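Values below: all heavy atoms of this structure, side chains included; hydrogens, waters and symmetry mates excluded. Keep in mind that this is a model prediction, so the values were computed, not measured.
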Amino acid sequence: NRVDEFLSGYKLGQKELNSDTQKLVAGLLFKNIKIAKKDIFSWELFPPFNSFFLESEKSKICRKNQRISQKPCLKSILERSAAR
């Protein structure tokens with residue numbers, strides 16, 4: 001198992017990864033990654049990382065939508081109180 005191999009060679013407390021280790025970690029996280037002209041244009045994560053990422057994105061979109069929906073509401077409340 002590639003994960004077990006990585007963990008057996010990992011040193012606890014290690015803060016920086018060399019380029020070979022970074023490539024190994026990327027291989028453990030990404031199921032598919034396509035790079036062209038030094039840009040990533042398509043990628044897919046292995047489970048469970050894909051579900052963690054999707055949940056994070058959904059949460060981020062929800063928070064963004066909440067901020068957008070609250071701004072007009074706050075503005076209209078402030079306008080009404082200023083007019084009094």
Open item on the list: Let me confirm one number: the CZ-CD distance from Phe49 to Glu44, rounded to the nearest 0.5 Å.
Closed with: 13.5 Å

Open item on the list: Heavy-atom count check: over 12 atoms from other residues, nucleotides or ligands less than 6.0 Å from Leu7 CG?
Closed with: yes

TODO: Return the set of residues passing side-chain contact (heavy atoms from CB on, under 4.5 Å) with Pro48 (not counting sequence neighbours), or none when no residue passes.
DONE: Ser51, Phe52

Please tabulate, for side-chain N and O atoms in residues 24-39, each donor-acceptor pair with protein atoms closer than 3.5 Å (sequence neighbours left out).
none

TODO: Could I get the full list of side-chain contact (heavy atoms from CB on, under 4.5 Å) partners for Gln14, not counting sequence neighbours?
DONE: Tyr10, Lys11, Leu17

Task: For Ser56, all residues meeting side chain to side chain donor-acceptor pair (under 3.5 Å), sequence neighbours excluded - done: none

TODO: Check side-chain contact (heavy atoms from CB on, under 4.5 Å) between Asn18 and all other residues, then give those that pass, not counting sequence neighbours.
DONE: Asp20, Thr21

